[in-house]
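Inspection log for the structure reproduced underneath, given as structure tokens.
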There are 2 protein chains.
Amino acid sequence: MAGKRTRATIKDVARRAGVSPTTVSHAFSGNGTVAPGTADRVREAARELGYRPDTVARGLRSSRLGVLGLVVRPLDPQDTAFLEGVDYFLRFAGSAALAAVERGYGLMLVPDPTRADAPAVGLACDGFLITEPVENDPLITMLTRECVPFLGVGRDPARPASPDYLDLGTRRIVTDVLDHLAEAGGSRVAAVLGTDRNEWNLDAETAYLAWVRARGQEPLAVRRAEVAGEAGGREAGEELFGLASPPDAVYCQTGRHAAGVLAAARAKGLAVPGDVRIACGSDSDSEQTRLSVPPITSVDLRPVRLARVAVEVLVDRVEGIEQSPAPGPAEYELMVRGSTRG
Amino acid sequence: MAGKRTRATIKDVARRAGVSPTTVSHAFSGNGTVAPGTADRVREAARELGYRPDTVARGLRSSRLGVLGLVVRPLDPQDTAFLEGVDYFLRFAGSAALAAVERGYGLMLVPDPTRADAPAVGLACDGFLITEPVENDPLITMLTRECVPFLGVGRDPARPASPDYLDLGTRRIVTDVLDHLAEAGGSRVAAVLGTDRNEWNLDAETAYLAWVRARGQEPLAVRRAEVAGEAGGREAGEELFGLASPPDAVYCQTGRHAAGVLAAARAKGLAVPGDVRIACGSDSDSEQTRLSVPPITSVDLRPVRLARVAVEVLVDRVEGIEQSPAPGPAEYELMVRGSTRG
DNA sequence: CTGAAAGCGCTAACAG
DNA sequence: CTGTTAGCGCTTTCAG
């Protein structure tokens with residue numbers, strides 16, 4: 001079932017319809033103007049031949065392929081951790097794909113095109129969505145140099161804010177969650193933070209430090225790699241609850257961390273909520289937070305909506321629509337659950 | 001940040017390296033032969049200019065773009081149900097993307113290219129993965145006609161088995177689950193089936209009917225659309241448990257259906273397991289089955305592995321590698337859980 | 001080993 | 001309204 005090129009070309013259609021290739025081109029692209037009758041003949045001929053314009057050839061001229069690249073960080077293709085963030089990521093990717101389709105684009109998952117082993121096609125995308133750029137993201141450097149449109153979902157923490165990044169509003173979110181923990185009765189709030197160098201982590205840290213200091217306390221933060229997951233959270237929890245004066249509330253950066261902290265608290269015989277309140281700054285739809293016992297208060301970052309907005313902005317950029325108004329901070333919703341609510 | 005074409009072309013590199021475009025082409029593609037020294041000069045010039053071969057132009061000649069299309073059925077882009085199968089689908093899509101990358105391909109989610117409103121780029125893919133083809137799938141018709149390689153993940157139920165389809169082994173799986181329900185004490189097993197016309201549903205029905213009749217009983221099957229989800233399952237459960245002689249075991253086709261049936265049983269005061277056993281023929285990782293109370297016995301279809309196999313086979317086809325041995329039925333594992341185990 | 005020439009399939013100017 | 005003429009950036013014979 002190999003088969004050489006069987007598809008009809010624009011010339012075949014032109015010949016059959018008794019017109020020039022240009023006319024066929026016009027008829028299909030809707031550019032120029034074609035007499036209705038002629039257009040019909042062209043369409044008819046094309047149908048008979050099973051002709052469809054070749055996207056690649058078209059892209060060569062118009063330097064627009066119709067493909068958006070989605071780059072997910074962290075990005076090591078070896079690292080199956082890629083699959084760990086499934087809940088949030090799938091919703092994001094799925095929604096982005098749909099939104100892209102609605103704008104006439106395909107959405108391709110690509111590994112970091114700056115890596116040597118990246119498939120060449122990665123570079124062919126008309127624009128890129130980069131979720132959670134890392135500090136001084138090399139991909140952003142490259143895209144900027146080559147004038148390829150992109151949109152960061154989250155800031156590059158080392159670069160100035162700009163319309164090139166969607167603002168996740170991390171500090172505001174984290175502060176809200178911390179306030180909620182305090183309202184729920186937490187008087188000493190610890191934090192379990194991640195280690196990736198992205199907006200989400202770096203801003204969360206900043207926000208936590210500021211919040212704690214504003215209350216005249218010393219920060220009590222531990223860090224665990226995102227990929228350490230529930231086990232990492234459990235470790236962190238054991239560390240925190242083993243202290244001489246343990247926290248009575250814990251803010252966690254990921255749902256998996258939170259689930260681990262919860263497990264550690266329960267293992268230690270601590271009531272949740274009661275002795276300890278736990279909340280998570282992300283990923284409210286994850287199994288870990290939603291279906292744990294008790295369920296863990298967390299934040300719905302609206303990945304479906306976020307992806308849609310991101311695609312809209314990116315497509316506008318790709319199509320050269322002038323500065324689509326940079327949307328404000330992403331919407332979110334605090335999902336208060338049993339882990340902080342008597 | 002619009003910017004016209006800034007990227008260096010092969011000519012620029014040729015000029016700078018003092019050679020012809022042909023030589024540059026050879027140096028990069030590894031085709032012809034280039035003297036080591038010349039190749040170095042070319043590479044050097046390219047580096048200085050930040051040159052990278054243009055994938056689109058390259059694809060024009062070689063008619064190989066390096067992109068695999070992933071078509072998910074059912075496929076209505078309007079229908080957010082697309083997002084509902086998240087657990088299984090994400091794992092599948094994520095894993096497929098990784099496997100594709102490892103073979104040097106990009107993996108693009110595309111809507112059914114046979115639809116009128118589909119983005120043209122859908123057609124540009126070098127090959128397609130079609131998860132759960134529907135009966136007489138029009139996409140398969142088109143791809144066959146145009147000699148575009150594809151691989152169905154699941155058979156087209158209306159076409160003869162062939163190496164073009166990965167065998168999901170549905171009948172075997174369903175039979176195993178039914179056997180398990182019987183072993184767990186079920187003497188009258190009902191089925192809640194789906195409505196999509198794909199291998200999964202049609203073969204499940206066949207297998208169920210055969211299994212029941214082999215035991216000298218009459219089938220007791222209800223159907224609910226996949227998208228009806230938990231509510232649909234609940235309805236189905238109410239219907240079944242409201243019968244004069246209700247079943248004492250229910251096979252469900254989807255995790256959501258199973259969760260609904262479970263809810264219906266509990267609402268009716270039936271013990272699960274005890275009065276009723278429930279098992280699900282798919283999607284063991286879904287929240288619905290894994291984290292319900294009790295958790296629901298289901299089947300791990302190994303989507304991560306399945307996707308990897310599918311990509312391997314498809315890439316072999318795309319690259320014209322002769323008949324990579326069609327892999328046998330997909331592996332799976334019955335995950336026995338509380339819903340069938342005292 | 002290297003290069004000149006001829007396109008891949010399509011579209012973008014311009015002319016008619 | 002339609003056709004002619006040039007290519008897009010790259011690869012590919014096929015001569016040197």
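A note on names: the letters A, B, ... follow the listed sequences, proteins ahead of strands, and every chain is numbered from 1. This is a predicted model, so every value here is computed, not measured.
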_Net bend of the helix from C:dC1-D:dG16 to C:dG16-D:dC1, end axes of five pairs each, nearest 10 degrees_ = 30°
_Those residues that, when tested against A:Asp126, pass side chain to side chain donor-acceptor pair (under 3.5 Å) (two or more places apart)_ = none
*Length of the CG-P vector between B:Leu65 and D:dT11, whole Å*: 13 Å
Return all side-chain donor-acceptor pairs below 3.5 angstrom for residues 22-29 of chain A, not counting sequence neighbours, or 'none' if the list is empty.
{"from": "A:Thr23", "atom 1": "OG1", "to": "A:Ser20", "atom 2": "OG", "distance (Å)": "3.3"}
{"from": "A:Ser29", "atom 1": "OG", "to": "A:Ser25", "atom 2": "O", "distance (Å)": "3.0"}
{"from": "A:Ser29", "atom 1": "OG", "to": "A:Asn31", "atom 2": "N", "distance (Å)": "3.2"}

*For DNA chain C, find the residues of residues 13-20 of chain A with a heavy-atom distance under 4.0 Å and give them by number; none if there aren't any.*
none
_Distance check needed: C:dG9 C1' versus A:Ile10 CD1, whole Å only._
7 Å
*Inter-residue atom distance B:Ile130.CD1 - B:Leu139.CG, 0.5 Å rounding*: 4.0 Å
Please produce a list of atom pairs where a protein N or O lies less than 3.5 Å from an N or O of nucleotides 12-16 of chain C.
{"from": "C:dA12", "atom 1": "OP2", "to": "A:Asn31", "atom 2": "ND2", "distance (Å)": "3.0"}
{"from": "C:dA12", "atom 1": "O4'", "to": "A:Arg61", "atom 2": "NH2", "distance (Å)": "3.4"}
{"from": "C:dA12", "atom 1": "N6", "to": "A:Thr22", "atom 2": "OG1", "distance (Å)": "3.3"}

*By a strict heavy-atom criterion of less than 4.0 Å, which residues belonging to residues 36-51 of chain B are in contact with DNA chain C?*
B:Thr38
*Under 4.0 angstrom, heavy atoms only, what part of the nucleic acid is A:Val24 near: base, sugar-phosphate, or nothing?*
nothing
*What nucleotide among C:dC10, C:dC1, D:dT2 has an atom nearest to a side-chain atom of A:Ala35?*
D:dT2
_My understanding is that only residues two or more places apart in sequence, or in another chain, count here; which of them pass side-chain contact (heavy atoms from CB on, under 4.5 Å) with A:Ser162?_
A:Asp164, A:Tyr165
*asked:* Restricting to non-hydrogen atoms, name the atom on A:Arg41 and the atom on A:Val19 that form the minimum distance, rounded to 0.1 Å.
replied: NH2-CG1, 3.6 Å
_Rounded to whole Å, how long is the line connecting atom NZ of B:Lys11 with atom P of C:dG3?_
15 Å
*Using side chain to side chain donor-acceptor pair (under 3.5 Å) as the criterion, list what pairs up with B:Thr141, not counting sequence neighbours.*
B:Arg159
*Minimal non-hydrogen separation, A:Pro157 against A:Pro133, with atom names*: CD-O, 3.9 Å
*Sequence neighbours excluded, which residues qualify as side-chain contact (heavy atoms from CB on, under 4.5 Å) partners of B:Arg52?*
A:Leu123, A:Met142, A:Glu146, B:Arg7
*Could you give the CG-to-P distance, from A:Asp54 to C:dT11, as a whole number of Å?*
9 Å
_Counterpart residues, side-chain contact (heavy atoms from CB on, under 4.5 Å), relative to B:Arg305 (two or more places apart)_ = B:Arg302, B:Val309, B:Glu331
*With sequence neighbours left out, write down each residue that passes side-chain contact (heavy atoms from CB on, under 4.5 Å) with B:Arg308, or none if nothing qualifies.*
B:Ser95, B:Leu98, B:Ala99, B:Glu102
_Nearest non-hydrogen partners of A:Gly69 and A:Val110, listed with the distance_ = CA-CG2, 4.3 Å
*ring-ring contact (aromatic ring centres under 6.0 Å, His included): which pairs involve residues 121-148 of chain B, sequence neighbours left out?*
none
*Which pair of non-hydrogen atoms, one from A:Met108 and one from A:Cys125, has the smallest distance, and what is that distance?*
CE-SG, 3.5 Å
